[in-house]
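The next block holds one structure in the form of C-alpha cells; read it before the comments.
The shown structure was predicted, so the numbers you read here are calculated from the model rather than taken from an experiment. Position 1 is the first residue of the sequence; numbering continues from there. Heavy-atom basis, side chains included; hydrogens, waters and symmetry copies ignored.
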Amino acid sequence: MSNTLVKSVCRAMERIAPLRLAEKWDNVGLLLESPVHKPECRKILLTIDLTSSVLSESLAKKTSVIVSYHPTIFGAVKSFTLSKPLQASLLQCAAQGISVYCPHTALDSVWGGINDWLAEGCMKGKDDGEISALIGEKLNAASGVSEGAEGRLVTLKEPIAVDVLEKRIKSHLKLSQIQVGYPATVESRSSPVRTIAICAGSGGSMLLGQQADVYFTGEMAHHEVLAAVAAGKHVILCGHTNTERGYLPILAAKLTHELQGDEFKDQGLGDVEVLVSQKDQHPLEFV
C-alpha cells in the first residue's frame, strides 16, 4: 500500500504541477523514497518546510508521504549525518516509512499555482484586472499549450492607492504587518498604482528591472530593495514563506480531488487523507 500511495502521489502531483515547469537550477520531485512499508499509515502531510516539528507531527499522524514545497535536498550532498537537523529528519523519514516529494518552482510556475494565488489577492475580484506572465510563458512541447510562466503581472483596470493594495495583501495572507518600501518620488503613501509584479518566496533576481509600479514578493536583499526604490518602484515584502503557506489548503483540495479521480479508483486510496501541517510556520516573528 505504501509504495502504491507514493507512486499515486507522484502521478497526481505531476498532473497538478508538472515537474518540467520547474526552474533548471531547482531540485524537485520524489527526493526521498522510504523502503519501509507501513500499511497502517494512510496520511499525506503538506508543508512548506520539513522541520523537526513537522517531522514529529507527521509521525504522530501516521503519515506515509510528506509533500514539502521547499526541496529537502539541494545541491551536492557528500554525507547524511544526524548532526544536521534536516538530514536527521530525512533519515528518520526513511526509517519510519515516510517518503518526501517536493514541487517547489513547478508549483510557482503552473497556471493556478502559488503565483496566481498571490495575484488574485491583489484584486478585489476576478474582473478587477488581468493576470499575465511576468516572464516568458512555458509551452507544452507536444501541444504548444501554455502551462505556466515565471512570475505574474497584475494589471488593474483602474489604479488604486498603494495603501489599499497593502490592506488587500495583508488580508489575503492573513498578516498584521508587512514591509513596504516607498520611492522618494511619490507624494504620499496613498499614491496610485496599477501594475504589480509578483514572485513567491525570494523575488529580487526576477523582479528587478521589470516594468511595474509595485514589486510584491516574500523577501529581497538589502541592495535589491534600494535599487528598486531608487528606480521608482514600491516594494512589498511579506516574509519568504508567508507568500507560500496560504496556498497549502488549495493544494490539499487539488491533491484530494486527483487521488479520488478515475485514474486512481482501483488503487485502494479511498480512506487516504491529505492534511495541511499545523506545525509548519514562518521562522521569524515580530516582537
Side-chain angles (χ1 to χ4, degrees), residues 1-19 21-22 26-74 77 80-82 84-107 110 113-114 241 244-281:
M1 171 61 193
S2 180
N3 289 337
T4 298
L5 179 55
V6 171
K7 292 176 181 177
S8 297
V9 169
C10 291
R11 285 162 54 197
M13 285 300 302
E14 179 66 16
R15 289 166 64 96
I16 294 168
L19 297 180
L21 299 181
D26 207 356
N27 191 31
V28 293
L30 183 62
L31 301 191
L32 176 70
E33 184 174 9
S34 173
V36 178
H37 176 57
K38 291 190 174 182
E40 73 277 10
C41 295
R42 303 174 71 80
K43 305 285 197 309
I44 302 165
L45 188 68
L46 308 187
T47 184
I48 296 299
D49 292 296
L50 176 55
T51 62
S52 56
S53 295
V54 171
L55 173 63
S56 296
E57 178 187 15
S58 68
L59 292 172
K61 292 180 176 178
K62 296 186 177 181
T63 299
S64 181
V65 181
I66 293 175
V67 176
S68 173
Y69 168 75
H70 284 141
T72 52
I73 301 173
F74 206 88
V77 179
F80 267 83
T81 69
L82 297 177
K84 296 181 178 180
L86 180 53
Q87 291 185 1
S89 292
L90 287 171
L91 289 169
Q92 289 190 62
C93 283
Q96 295 294 331
I98 301 174
S99 298
V100 181
Y101 183 99
C102 304
H104 203 208
T105 54
L107 197 58
V110 70
I114 291 180
T241 65
E244 302 157 343
R245 185 167 291 103
Y247 185 80
L248 291 181
I250 298 173
L251 178 59
K254 287 175 177 281
L255 184 53
T256 298
H257 176 75
E258 289 291 338
L259 293 175
Q260 292 177 349
D262 290 341
E263 181 178 349
F264 303 102
K265 65 181 181 181
D266 298 325
Q267 302 300 316
L269 306 179
D271 62 343
V272 169
E273 293 184 70
V274 182
L275 309 174
V276 176
S277 172
Q278 301 300 306
K279 296 298 183 180
D280 177 54
Q281 61 184 13

Review point. Are any non-hydrogen side-chain atoms of Val28 and Leu107 less than 4.5 angstrom apart?
Key: no

**Study point:** Spacing of Gln87 atom CD and Thr81 atom OG1 [to the nearest 0.5 Å]
**Key:** 5.0 Å

**Study point:** Gln260 vs Leu269 side-chain heavy atoms within contact, under 4.5 Å
**Key:** no

Practice item. Check whether any side-chain N or O of Glu273 sits under 3.5 Å from a backbone N or O of Asp271 as a donor-acceptor pair, and report yes or no. Key: no

Check your understanding: Any sub-3.5 Å donor-acceptor pair from Ser34's side-chain atoms to Ser99's backbone N or O?
Key -> no

**Study point:** Test side chain to side chain donor-acceptor pair (under 3.5 Å) applied to Lys62 - qualifying residues, sequence neighbours left out
**Key:** none

Check your understanding: How long is the span from the OG atom in Ser68 to the CG atom in Leu32, to the nearest 0.5 Å?
Key -> 11.0 Å

Practice item. For residues Leu259 and Phe264, report the shortest heavy-atom separation together with the two atoms involved. Key: O-CB, 3.5 Å

Side-chain donor-acceptor contacts of residues 11-18 below 3.5 Å, not counting sequence neighbours, with atom names and distances?
unit_1: Arg11; atom_1: NE; unit_2: Glu263; atom_2: OE2; d: 3.2
unit_1: Arg11; atom_1: NH2; unit_2: Glu263; atom_2: OE2; d: 2.8
unit_1: Glu14; atom_1: OE1; unit_2: Leu19; atom_2: N; d: 3.1
unit_1: Arg15; atom_1: NE; unit_2: Glu258; atom_2: OE1; d: 2.7
unit_1: Arg15; atom_1: NH1; unit_2: Glu263; atom_2: OE1; d: 2.9

Review point. Taking Thr241 for the side chain and Glu244 for the main chain, is one N or O donor matched with an acceptor at less than 3.5 Å?
Key: no

Exercise for review: Look up atom NZ in Lys61 and atom CD in Gln278, then write down how far apart they are to the nearest 0.5 Å.
Suggested key: 5.0 Å

Check your understanding: Under 4.5 Å between any side-chain heavy atoms of Leu248 and Ile48, yes or no?
Key -> yes

Check your understanding: Does a side-chain heavy-atom distance below 4.5 Å link Tyr69 with Leu251?
Key -> no

Practice item. Check whether the side chains of Ser277 and Glu57 place a donor and an acceptor atom closer than 3.5 Å, and report yes or no. Key: yes

Review point. For Ala94 and Pro35, which heavy atoms make the closest approach, and how far apart are they?
Key: O-CD, 3.9 Å

Point to revise | From CA spacing to verdict: side chain to side chain contact (heavy atoms under 4.5 Å, CB included), Phe80, Ile73 | key: CA-CA 11 Å; Phe80 267 83; Ile73 301 173; 4.0 Å; yes

Practice item. Show your working on side chain to side chain contact (heavy atoms under 4.5 Å, CB included) between Arg245 and Asp280 and close with a plain yes or no. Key: CA-CA 8 Å; Arg245 185 167 291 103; Asp280 177 54; 2.7 Å; yes

Review point. Once you round to the nearest 0.5 Å, how far does CG of Asp26 lie from CG of Leu21?
Key: 11.5 Å

Exercise for review: Identify the residue among Thr63, Val65, Leu55 that makes a side-chain contact (heavy atoms from CB on, under 4.5 Å) with Cys93.
Suggested key: Leu55

Check your understanding: So does Lys279 have more than 12 non-hydrogen atoms from other groups sitting under 6.0 Å from NZ?
Key -> no

Practice item. Using the side chain to side chain contact (heavy atoms under 4.5 Å, CB included) rule, take Leu59 and Ile98 through it: C-alpha gap first, then chi angles, then the decisive distance, then the call. Key: CA-CA 9 Å; Leu59 292 172; Ile98 301 174; 3.7 Å; yes

Check your understanding: Who are the side chain to side chain donor-acceptor pair (under 3.5 Å) partners of Thr72, not counting sequence neighbours?
Key -> none

Point to revise | Between CD on residue Glu40 and OG on residue Ser64, distance to nearest 0.5 Å | key: 9.5 Å

**Study point:** Exercise: identify the closest heavy-atom pair between Thr47 and Ile66
**Key:** CG2-CG2, 3.8 Å

Review point. Roughly how far, to the nearest 0.5 Å, is OG of Ser58 from CD of Gln96?
Key: 9.0 Å

Exercise for review: For residues Ala252 and Val276, report the shortest heavy-atom separation together with the two atoms involved.
Suggested key: CB-CG2, 4.0 Å

Exercise for review: Check for a donor-acceptor pair, side chain of Asn27 on one end and backbone N or O of Pro71 on the other, with a separation under 3.5 Å.
Suggested key: no

